[in-house]
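For the numbers below, each heavy atom of this structure counts, side chains included, while hydrogens, waters and symmetry mates do not. Chain letters run A, B, ... following the sequence lines, proteins first, then strands; residues in each count from 1.
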There are 2 protein chains.
Amino acid sequence: MFYGTYTYKIDEKGRVPLPPNFRRQTKGSVMLKRGMDRCIEVYPTDVWDKLAGELAARVVSPLKRRRLNRIVFGSAFNASFDKQGRIMLPAGLREYAAITDVAAVVGANDRIELWNEKLLEEEKTIAEQQESQIIEEFGV
Amino acid sequence: MFYGTYTYKIDEKGRVPLPPNFRRQTKGSVMLKRGMDRCIEVYPTDVWDKLAGELAARVVSPLKRRRLNRIVFGSAFNASFDKQGRIMLPAGLREYAAITDVAAVVGANDRIELWNEKLLEEEKTIAEQQESQIIEEFGV
DNA sequence: AGATTTGTGGGGAAAAGTGGGGAAATTTGG
DNA sequence: CCAAATTTCCCCACTTTTCCCCACAAATCT
């Protein structure tokens, strides 16, 4: 389970550390993917494999499956940690998420997300407004 | 069950003791989370695990689930007690709750809350005014 | 009163965050 | 197809933060 929000600098080489907590829950490498919400999604390889399997099983229409496969797998990268616990962010993903010099690393239960700090703030504001009734109801 | 209100200093390293009562009801570590009401919520790990499990089961819409995961898990931290019964408060949570040099520790049934003293006073005033009918209705 | 628990403060070792060098690999251009 | 330029990957080094231990005074309990 991933939780917590951390802020890290990105060096000129495009490297970002992940929190030690998160590293220990992965086995040396992770899968990166363009997120739905202007962020970069990061999965441990085993979670990724499970998602990939479910994807194939869930979508029945061949055309839809081809397209979904293109989007999901076409935007995916494998990234492995260096000795300092950093991964390299592909330029394309970084641009998509508007991550330049600082990245917010968010543990979101089964996945990790990398955000531009400002965009994350906006997203959380919107989410809190829209979901406050769920949160209230849920009691957390 | 947590009850009572205690006031503790926060040292320069950002550490706060929890009352011995409360410590004994946890197993060495707790989960911290940004509360809805400008406070820090503290859960025993078993309570937290139960909440987290229910969360995933309850929300069906993918977007809503992503957002709720961000809010709930993204603001959560694990904190374990040192030999003196203190936990470290992450800077982000401390700022959110406006806790600087003193913290009010409130036992609130199944959870513990950490407050800025003044904010807690205001909250209690408002709560008593607004919720007096609730207290009358449900109160003992 | 004496012993134990509790609140508060710090010191020091270990870990984590940050930055860069240089060899290997890949890409680019002639 | 080869050489130059760029990128990637694997080290190393330094600074800051965190974590774990000890210390001591005040309060509490027996």
Side-chain angles (χ1 to χ4, degrees), chain A residues 2-32 40 42 45 76-96 99-107 112-117 120, chain B residues 2-32 40 42 45 76-95 99-107 112-117:
Chain A
F2 300 104
Y3 50 82
T5 300
Y6 306 81
T7 303
Y8 290 114
K9 271 194 182 177
I10 299 184
D11 59 30
E12 319 98 39
K13 293 182 178 181
R15 298 174 296 187
V16 197
L18 295 191
N21 258 357
F22 294 5
R23 281 175 231 162
R24 288 188 212 102
Q25 296 184 60
T26 66
K27 289 139 193 164
S29 80
V30 291
M31 290 298 293
L32 305 182
I40 303 174
V42 183
T45 46
F77 284 85
N78 183 269
S80 48
F81 293 98
D82 67 11
K83 225 180 188 176
Q84 278 66 37
R86 295 170 294 196
I87 56 177
M88 266 270 304
L89 296 184
L93 289 181
R94 233 168 32 196
E95 281 168 28
Y96 168 70
I99 294 175
T100 55
D101 49 344
V102 174
V105 179
V106 183
I112 305 163
E113 294 178 347
L114 306 182
W115 283 83
N116 170 305
E117 271 194 311
L120 176 61
Chain B
F2 303 106
Y3 52 84
T5 299
Y6 305 81
T7 304
Y8 290 113
K9 268 195 183 177
I10 299 184
D11 60 29
E12 320 98 40
K13 292 182 176 181
R15 297 175 295 188
V16 197
L18 294 191
N21 258 358
F22 293 5
R23 281 175 231 164
R24 290 188 209 101
Q25 296 184 60
T26 66
K27 289 141 193 164
S29 80
V30 292
M31 289 297 295
L32 307 181
I40 301 175
V42 184
T45 46
F77 282 87
N78 183 271
S80 48
F81 293 98
D82 66 12
K83 230 179 187 176
Q84 278 65 39
R86 296 170 294 195
I87 56 177
M88 262 271 303
L89 297 183
L93 289 180
R94 234 169 30 198
E95 282 168 25
I99 294 175
T100 55
D101 50 343
V102 175
V105 179
V106 183
I112 305 163
E113 292 179 350
L114 305 182
W115 284 84
N116 170 306
E117 272 194 310

Q | Pair B:Val30-B:Phe81, side-chain contact (heavy atoms from CB on, under 4.5 Å): steps then yes or no | A | CA-CA 8 Å; B:Val30 292; B:Phe81 293 98; 4.2 Å; yes
Q: Whole angstrom is fine here: how far is it from NZ in A:Lys13 over to P in D:dC10?
A: 12 Å
(Q) Nearest heavy atom decides the nucleotide; on that basis, is B:Tyr6 or A:Ile10 closer to the 5' end of DNA chain C? (A) B:Tyr6
(Q) Could you walk me through whether A:Phe2 and A:Gln25 satisfy the side-chain contact (heavy atoms from CB on, under 4.5 Å) test, starting with their C-alpha distance in whole Å, then the side-chain angles of each, then the deciding distance to 0.1 Å, before giving a yes or no? (A) CA-CA 8 Å; A:Phe2 300 104; A:Gln25 296 184 60; 3.7 Å; yes
Q.
Hydrogens and angles aside, do B:Glu113 and B:Trp115 bring a side-chain donor and acceptor to less than 3.5 Å of each other?
A. yes
(Q) How many whole angstroms separate atom CG of A:Asp11 from atom P of D:dA13? (A) 18 Å
Q) For B:Arg23, which contact category applies under a 4.0 Å heavy-atom criterion: base, sugar-phosphate, or nothing? A) sugar-phosphate
Q) Do A:Thr7 and A:Val105 touch side chain to side chain, with heavy atoms closer than 4.5 Å? A) no
Q. Mind checking which nucleotides bracket the chain B contacts on DNA chain C, 5' to 3', with an atom under 4.0 Å from a heavy atom?
A. C:dT6 to C:dG12
Q: Considering non-hydrogen atoms only, spot the tightest contact between B:Ile87 and B:Ala79 and give its length.
A: CB-CB, 3.9 Å
Q: Step by step, work out the side-chain contact (heavy atoms from CB on, under 4.5 Å) result for A:Ile99 and A:Ile40.
A: CA-CA 9 Å; A:Ile99 294 175; A:Ile40 303 174; 4.1 Å; yes
Q: Check each residue of residues 77-96 of chain A for a non-hydrogen atom within less than 4.0 Å of any atom in DNA chain D, then write out the ones that pass by number, or none.
A: A:Lys83, A:Gln84, A:Arg86, A:Met88
Q) Okay, side chain of A:Asn21, backbone of A:Arg24: is any donor-acceptor separation there less than 3.5 Å? A) no
Q: Show your reasoning for whether side-chain contact (heavy atoms from CB on, under 4.5 Å) applies to A:Ile10 and A:Asp101.
A: CA-CA 5 Å; A:Ile10 299 184; A:Asp101 49 344; 5.7 Å; no
